Amino acid sequence: MNHYVPMPQSFYEQPTLQLAQALLGCLLVKETEEGVASGYIVETEAYMGPADRAAHSFGNRRTKRTEIMFGKAGSVYTYTMHTHILVNVVSSDVGSPEAILIRAVEPFEGTSLMENRRPGRSRKEWTNGPGKLTKALGIQMNDYGHHFTASPLTICEGWEQDSFHISSGPRIGIENTGEARDYPWRYWVEGNSYLSKMRSPTT
DNA sequence: AGTGGGATAGCCT
DNA sequence: GGCTATCCCACTG
């Protein structure tokens, strides 16, 4: 029985851009009363804190919502966007509000649960976007403020880091944020078929 | 490309 | 209490 091994605290204490890449291939695991669902992280986006116009914490904006971004690396930052919930990994030192958005995962365990939570969708459509994967895995707003080293929401060892290639490019959904829009702070597992939709090649 | 959806939080009265 | 923005999604055509 090969069981889930949560990444240690030290894993989360590497620099944000490095952590955003290190998270690729890790398993995102959510336990609920219905059972366990998990998927391999295949796409992430870094948000670089006070200097990043696209980040919620731009200009050190500190509110009830962003408060956790100022907390310990490895904390869970959930956020609602209309009907959708997005999940982020807090990074950097306490007081330095940086975070990484998990944009897509590849289903692993609990696929029948995911299917029930994403009725009528093809397998690919279960988790190939930040709002979709939270629904498929059962991630809720009450996961806010927990830590990824402890149940019910954990990040665990997954694929070997040398078993895939990492690509990077501009982030998504932040068209109106000035020069920050072009920073290549989105990372993904090259060629994976569960990535979120790629937009605007615009060469 | 445009747009409706309908969940928060923040910021103003 | 009302307005507005938000690190999206799915549906139109």
Side-chain angles (χ1 to χ4, degrees), chain A residues 12 16-17 19-21 23-24 28 39 41-71 73-92 96-105 107 114-146 148 153 155 167-188 193-202:
Chain A
Y12 298 99
T16 298
L17 294 180
L19 178 58
Q21 296 168 76
L23 283 168
L24 295 174
L28 181 63
I41 297 170
V42 295
E43 187 176 343
T44 60
E45 259 177 22
Y47 287 86
M48 297 299 287
D52 181 359
R53 189 165 284 281
H56 289 157
S57 54
F58 175 68
N60 266 315
R61 204 161 74 106
R62 185 165 192 160
T63 63
K64 189 183 172 193
R65 183 178 65 162
T66 63
E67 182 60 31
I68 194 66
M69 290 184 77
F70 292 82
S75 296
V76 180
Y77 177 28
T78 49
Y79 167 81
T80 66
M81 177 70 179
H82 289 96
T83 66
H84 310 289
I85 294 170
L86 282 62
V87 64
N88 299 256
V89 181
V90 173
S91 64
S92 193
S96 174
E98 301 179 3
I100 296 154
L101 171 66
I102 299 175
R103 290 194 49 87
V105 306
M114 295 188 210
E115 189 168 20
N116 292 339
R117 289 163 174 165
R118 305 274 301 138
R121 312 309 169 95
S122 68
R123 182 187 176 96
K124 222 193 240 186
E125 293 287 319
W126 295 346
T127 56
N128 67 339
K132 302 177 190 179
L133 71 92
T134 53
K135 187 166 290 179
L137 295 181
I139 293 170
Q140 304 286 322
M141 272 312 288
N142 59 17
D143 288 308
Y144 180 98
H146 287 216
F148 280 111
L153 180 60
I155 290 174
S167 296
S168 65
R171 294 172 292 178
I172 283 178
I174 55 170
E175 302 304 317
N176 302 318
T177 50
E179 72 282 355
R181 154 182 58 136
D182 300 320
Y183 298 160
W185 290 341
R186 183 162 62 99
Y187 302 96
W188 64 90
S193 51
Y194 294 91
L195 300 174
S196 68
K197 291 201 173 71
M198 300 294 161
R199 293 182 206 175
S200 65
T202 57

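Model, not experiment: these values are computed from the prediction. Proteins get letters first, then strands, A, B, ... in listed order; numbering begins at 1 in each. Just so it is clear, the values below take in all heavy atoms, side chains as well, and ignore hydrogens, waters and symmetry mates.
C/dT6 atom P lies 16 Å from atom CG of A/Asn88, rounded to whole Å. Look at CD on A/Gln140: it is 13 Å from P on B/dA7, rounded to the nearest Å. Atom pair A/Glu125:CD and C/dA10:P shows a separation of 6 Å (rounding to whole Å applied). Going from atom CG of A/Leu133 over to atom P of C/dC8 covers 13 Å, rounded to whole Å. Between A/Glu45 atom CD and C/dC8 atom C1' there is a gap of 12 Å when expressed in whole angstrom units. Note: CZ (A/Arg121) to P (C/dC8) measures 18 Å, nearest angstrom. The CD-C1' distance, from A/Glu67 to B/dA9, rounds to 14 Å in whole Å. The NZ atom of A/Lys132 sits 13 Å away from the P atom of C/dC8 (whole-angstrom rounding).
Judged by distance alone, the side chain of A/Arg186 and the main-chain N or O of A/Ile172 form no donor-acceptor pair under 3.5 Å. Looking only at distances, a side-chain donor or acceptor of A/Arg171 sits under 3.5 Å from a matching main-chain atom of A/Ala46.
Of the residues listed (A/Arg117, A/Lys132, A/Lys135), the one engaging A/Glu125 in a salt bridge (Lys or Arg N to Asp or Glu O under 4.0 Å) is A/Lys132, and it is the only one.
Using cut-offs of 30° and 60° for the angle between ring planes, the A/Tyr12 and A/Phe148 rings count as parallel.
Under the Watson-Crick or G-U wobble criterion, with both distances below 3.5 Å, B/dG6 is left unpaired in every strand shown.
Checking C/dA10, C/dT6, C/dC8 against the side-chain heavy atoms of A/Ile172 singles out C/dC8 as nearest.
Contact check, A/Lys135 against C/dC8: no side-chain N or O comes under 4.0 Å of OP1 or OP2. For A/Arg171, no side-chain nitrogen or oxygen approaches OP1 or OP2 of C/dC8 to under 4.0 Å.
Rounded to the nearest 0.5 angstrom, A/Ser91 OG and A/Met48 CE are separated by 7.0 Å. In this structure, CD1 on A/Ile85 lies 7.0 Å from OG1 on A/Thr78, to the nearest 0.5 angstrom. Separating the CG atom in A/Asn128 from the CZ atom in A/Arg123 is a distance of 12.0 Å, to the nearest 0.5 Å. The CG atom of A/Asn88 lies 12.5 Å from the CD atom of A/Glu98; values are rounded to the nearest 0.5 Å.
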Report all interatomic pairs (protein N or O, nucleotide N or O of nucleotides 4-6 of chain B) with separations under 3.5 Å.
{"from": "B/dG6", "atom 1": "N2", "to": "A/His82", "atom 2": "NE2", "distance (Å)": "3.3"}

Any N/O pairs under 3.5 Å between the protein and nucleotides 10-13 of chain B? List them or say none.
{"from": "B/dG10", "atom 1": "OP1", "to": "A/Thr63", "atom 2": "OG1", "distance (Å)": "2.2"}
{"from": "B/dG10", "atom 1": "OP1", "to": "A/Lys64", "atom 2": "N", "distance (Å)": "3.2"}
{"from": "B/dG10", "atom 1": "OP1", "to": "A/Arg65", "atom 2": "N", "distance (Å)": "2.9"}

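A 4.5 Å side-chain heavy-atom check between A/Leu28 and A/Ile139 finds at least one atom pair inside the cut-off.
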